[in-house]
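To start, the structure under review is shown below, and the notes come after it.
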There are 2 protein chains.
Amino acid sequence: MAEPRYQRRKQDRPKEITEAAFDVFAEHGYASARVEEVAKRAGVSKGLLYLYFKTKEELFKAVIRSVVIRRLDALLVTIETTELSSEAFIRGPLLEFMKRVPGSPVAVVIRLLIAEGQRHPDLVDYYWENVVSKGLGAIARCVERGVERGEFRDTAVTQLPQLLVAPMMVSMIWKILFAKRTLDTDKLMETHIEMVLAYIKL
Amino acid sequence: MAEPRYQRRKQDRPKEITEAAFDVFAEHGYASARVEEVAKRAGVSKGLLYLYFKTKEELFKAVIRSVVIRRLDALLVTIETTELSSEAFIRGPLLEFMKRVPGSPVAVVIRLLIAEGQRHPDLVDYYWENVVSKGLGAIARCVERGVERGEFRDTAVTQLPQLLVAPMMVSMIWKILFAKRTLDTDKLMETHIEMVLAYIKL
DNA sequence: CCCATTACTGACTCACTGGTCAGTTATTAT
DNA sequence: ATAATAACTGACCAGTGAGTCAGTAATGGG
């Protein structure tokens, strides 16, 4: 009785393939990633992969989307439903969230987008609508609420979300490029938030 | 009298080739860039290109180096020799410099490094030593001088350089990815510097 | 048990590109 | 002028990898 050469597992394949693809793209970038290697790591033949994804590019897009999906949601919900003051929220959940990003799959996605974005505009649009715009919007609302409640000065600038997020971006890039040079990225973000709050508090 | 098919211009070739290569790498990234196209844009045959650069990778490194070389120097000299107070220096020349970066070739280089850095560690080291380390060091010295002179609090954090530079990084990435969504990057940096100064001034 | 269905395989094709090299032409020295 | 030199060309090669497809085998229904 020989073992069956394979099992048919239509339901699981897409996820298995995109997960393998994520690793391969993360290691090699888009252009240098080999579809054959993705197939191998997913434990699947190249032919089958092409049954689920029409082209390499479509696979790439699926990978990006799969990482993005619902990763922000927890934070967004918390922002909308929290009982905390805006200051406490920024100091607490928001800071915690930002600390986690540079070491998460999101960092890989952002790296891939920076590298390949120009040739995949629809992917950038997708990322914009589902991550950047939502995220910045939520932070903006949090700040506005702070102004309404009299926590913050109403001069609080419109670009505050981008400002708040800036050291997170630096931390991400630092980790990607200069992993071997130490930098206390958590402290960086803490200090920065301290500064911003001092600046906008009444 | 036919025109000569070509001129021998040994002196100029490397520069012509690296400039063409910069454009091509900027458009396509490393892996998707075609050496043939670089040659064509430089007005040169592929064979000649390979006389000046042994491999595509060496060409890439030459491009990165050619952009980096001496681009910081003007700023560094100014930092060391300026008569300005630290605050005035940060508000003036440093801010001006940072405003220019996101639209300059340096932004392209950083994009390429983020994309390809992992596979070219020596290039990252080179960039670290010649740009990042020097730049952050100079800013650090400027801040220290401010502390010595009694302009700034001496709690002025060690990560201040990275903090100062953060909105410049955000502006860069924004321009690369979201060119069509407007963002007043100059204002972003101005506000940020305002905040930082308010935080560290005595 | 047998047949229909379809998930799955992997050998193959073909376009493409990094890199080479034999030969050509501009330039310089004599 | 002529020969020697070296800058330069472009056709070519060999390796590679995206995408295909004819065939195989697992599964499920009758």
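Lettering of chains follows the sequences in order, A, B, ..., and the numbering in each one begins at 1. In what follows, every heavy atom counts, from backbone to side chain, and hydrogens, waters and symmetry copies are set aside. These numbers come from a predicted model, not from an experiment.
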Close side-chain approach of A/F25 to A/I64, heavy-atom, < 4.5 Å: no
Residue whose closest nucleotide on DNA chain D lies nearer the 5' end, B/R13 versus A/T55: B/R13
Check: D/dG19 base within 3.5 Å donor-acceptor of A/K46 side chain: yes
Distance-minimising heavy-atom pair for B/G135 and B/L72: N-CD1, 4.0 Å
Axial cation check for B/Y30 ring with B/K56, 6.0 Å and 45° limits: yes
Sub-4.5 Å side-chain heavy-atom contact between A/V44 and A/Y52: no
Given C/dG18, D/dA18, C/dT24, the nucleotide with the shortest approach to the side chain of A/R34: D/dA18
DNA chain C: 5'-proximal contact among B/E36 and B/G47 (nearest heavy atom): B/E36
Interatomic distance where CD belongs to A/E16 and C1' belongs to C/dC8 [whole Å]: 13 Å
For atom CZ of A/F53 and atom P of D/dA18, their distance in whole Å: 15 Å
B/R153 charged N/C atom sitting above B/Y199 aromatic ring, 6.0 Å / 45°: yes
Heavy-atom side-chain contact between B/K201 and B/E87 under 4.5 Å: yes
Whole angstrom value for the distance that separates P of D/dA11 from NZ of B/K40: 13 Å
Protein-nucleotide distance (B/L51, atom CG; D/dG10, atom C1'), rounded to Å: 14 Å
Candidate nucleotides C/dT9, D/dA18, D/dT9, ranked by approach to the side chain of A/S45 - the nearest: C/dT9
Euclidean distance, atom NZ of residue B/K56 to atom C1' of C/dC16 [Å, nearest integer]: 12 Å
Interatomic distance where CZ belongs to A/R9 and P belongs to C/dC8 [whole Å]: 8 Å
Could you go through nucleotides 27-30 of chain D and list every protein N or O atom that sits under 3.5 Å from one of its N or O atoms, giving the distance for each pair?
unit_1, atom_1, unit_2, atom_2, d
D/dT27, O4', A/R8, NH1, 3.4

Nucleotide D/dG10, atom C1' - distance to CG of B/L49 in whole Å: 14 Å
Candidates C/dT9, D/dA7, D/dA18 - which lies nearest the side chain of A/V35: D/dA18
Phosphate contact (C/dC8 OP1 or OP2) by A/Y52 side-chain N/O below 4.0 Å: yes
Side chain of A/R5 - closest among D/dA26, D/dT9, C/dC8: D/dA26
Distance, rounded to the nearest Å, where B/Y50 contributes OH and C/dA22 contributes P: 18 Å
Salt-bridge contact A/R9-A/E16 (side-chain N to carboxylate O under 4.0 Å): yes
4.5 Å side-chain heavy-atom contact, B/D122 and B/K61: yes
Sugar-phosphate only, base, or nothing, as touched by A/A33 at under 4.0 Å among non-hydrogen atoms: sugar-phosphate
Out of C/dG19, D/dA7, C/dC8, whichever nucleotide has its closest atom nearest the side chain of B/K10: D/dA7
